[in-house]
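One-based numbering, in listed order, for ligands and for the atoms of each. Please read these numbers as outputs of a predicted model, since none were measured by experiment.
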Amino acid sequence: MYDVTVLAYGAESDRYLGVPGEDLGGIYSAREFVWWYNGHPDCSNMAPDLKSTDTAVVLGQGNVALDVARILLRPINELETTDIAEHALTSLRESTIRKVYLVGRRGPVQAACTAKELREILGVKDLHIHIQKADLATSPADEEELKKSRIQRRVYELLSKAATSHQQHDIVGQRELHFMFFRKPDRFLPSESGDTVSRVRLEKTCLKENGASGKQVAVGTGQFEDLKCGLVLKSIGYKSVPVDGLPFDEYRGVVPNMKGRVLSWDQAGHAIVEQGLYVAGWLKRGPTGIIATNLYCAEETVASILEDFKNGLLTPASGSPKPGRRGLLQALEHKNVRFVPFSGWEKIDSKERMEGKLRNKPRKKITTWEELLPAVDG
Ligand code: NAP
């Protein structure tokens, strides 16, 4: 229907750890948890139990891990003025979680978060930060990494400062954030009832240089320890999902491409450019990078489209114009597919803002399909 189609639908699934016990109750992906507190209608019924435990374990130390830890640890009166979903606010108000462990398989030099986001969580009111000073010792390989990366240097400095700064810790019921380094998840152990998680078994790790990537990777030491908890959030990265018939690299979870041009392979193993089909964002590069990274990524794809257009690669062979939006609308109608146009999205947006204004918040999220779809027509 179109001369050019750009796939930019991101990454809406999760990487899997592949360790025993991963399907026990009380274990969620951080993505599901983020969708839950942000009011995504597919996760509004998730109802994580925040009342039966005082300890949550977050696996991974990227920015998403910091985001979910911050939601669990921030004072409720600060969350009340944000656009967090009402059901999450109610649940967090009753939460008994006081300790959050952020577990990384590598060290503080390799923590995947960035400085701004780290500073935000370190600045959460009345939060006691725990970092083992011994974990901050650096090897010559770490020093090399720090020399090469300003981002890693800033993160490492912030963690070192947090480990040594004087903190007030005599407040009753004070919340705690524990950074745990050099630990990788080995398995999840069930509670007595057998269906929910009660502990995470962690294997201690050390770093080894990986010749091929030049990176230091975590390897197990054969020493294990158990961490008691009632909630686990796996924050080890998102994963894109394939669309039927679309070339897809299952291992990397991306659409194979050359500067945004979608590639497939013929039977002889030669790469073929899928004419008129392009990709941008996490679906193109994998789930890394902040908004600015995606802007550069999109520019590259658009430059490829312009170049192909100038080279006459996008002109249809028959010369007849493609039907475009008109054809798409007809096809959707023919298949009886209900869709939400942009004007419908705008109606939801203004309803949410209006309801938020009455409550002194940026917006009140509509969180179920039953309420969202009528709002489109309303
Ligand atoms: P991420 O930055 O790639 O972090 C993933 C974390 O999971 C890393 O600590 C990684 O450790 C760990 N990990 C991966 N596989 C593992 C395994 N099998 N076992 C144990 N640990 C494992 O991913 P993310 O936090 O999902 O964030 C995705 C992107 O969105 C990032 O680029 C992030 O900066 C961005 N983001 C930005 C913001 C913001 O700007 N405010 C907010 C949220 C997200 P290793 O390093 O050892 O692999």
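- Residue contact check: Gly62 has heavy atoms under 4.0 Å from atoms 2 (O), 4 (O), 9 (O), 25 (O) of ligand 1.
- Looking at Val217 against ligand 1, nothing comes within 4.0 Å, counting heavy atoms.
- Put simply, no part of Ala218 is less than 4.0 Å from ligand 1, judged by heavy atoms.
- The aromatic rings of Phe33 and Tyr37 lie perpendicular to each other, with more than 60° between the two planes, well past the 30° mark.
- Among pairs with a residue in residues 220-248, those fulfilling ring-ring contact (aromatic ring centres under 6.0 Å, His included) read Tyr238-Trp282, at least two apart in sequence or across chains.
- Gln216 pairs in a side-chain hydrogen bond (donor to acceptor under 3.5 Å, both in side chains) with only one of the listed residues (Glu144, Glu145, Lys208, Arg106), which is Glu145.
- Within the 4.0 Å heavy-atom cutoff, Ile290 counts among the residues contacting ligand 1.
- Taking Ile, Leu, Val, Met, Phe, Trp and Tyr as members and joining any whose side-chain heavy atoms lie under 4.5 Å apart, directly or through other members, Met354 forms no hydrophobic cluster with any other residue.
- Within the 4.0 Å heavy-atom cutoff, Tyr16 does not count among the residues contacting ligand 1.
- A heavy-atom separation below 4.0 Å is not found between Gly104 and ligand 1.
- Remark: ligand 1 atoms within the under-4.0 Å shell around heavy atoms of Ser235 are 5 (C), 6 (C), 7 (O).
- The nearest heavy-atom contact from the protein to atom 24 (P) of ligand 1 is Val64 CG2, 3.7 Å.
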Just do the side chain to side chain contact (heavy atoms under 4.5 Å, CB included) check on Tyr28 and Lys234 with the steps written out, would you?
CA-CA 6 Å; Tyr28 303 94; Lys234 296 179 290 173; over 6 Å; no
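- Across Glu352, Arg353, Arg359, a single residue satisfies side-chain contact (heavy atoms from CB on, under 4.5 Å) together with Lys364, and that is Arg359.
- Set against the non-hydrogen atoms of Trp282, the atoms of ligand 1 under 4.0 Å away are 28 (C), 29 (C), 30 (O).
- Below 4.0 Å from some heavy atom of Leu17 lie the following atoms of ligand 1, by number and element: 17 (C), 18 (N), 19 (N).
- When only non-hydrogen protein atoms are considered, atom 32 (O) of ligand 1 lies nearest to Gly289 N, 2.5 Å.
- Of all atoms in ligand 1, listed by their number and element, those nearer than 4.0 Å to a heavy atom of Asp67 are 42 (C), 43 (C).
- The protein heavy atom nearest to atom 36 (N) of ligand 1 is Asn63 CB, 3.7 Å.
- For atom 15 (N) of ligand 1, the closest non-hydrogen atom of the protein is Arg105 NH2, 3.3 Å.
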Walk me through whether Leu332 and Leu328 qualify under side chain to side chain contact (heavy atoms under 4.5 Å, CB included).
CA-CA 6 Å; Leu332 290 172; Leu328 178 66; 4.3 Å; yes
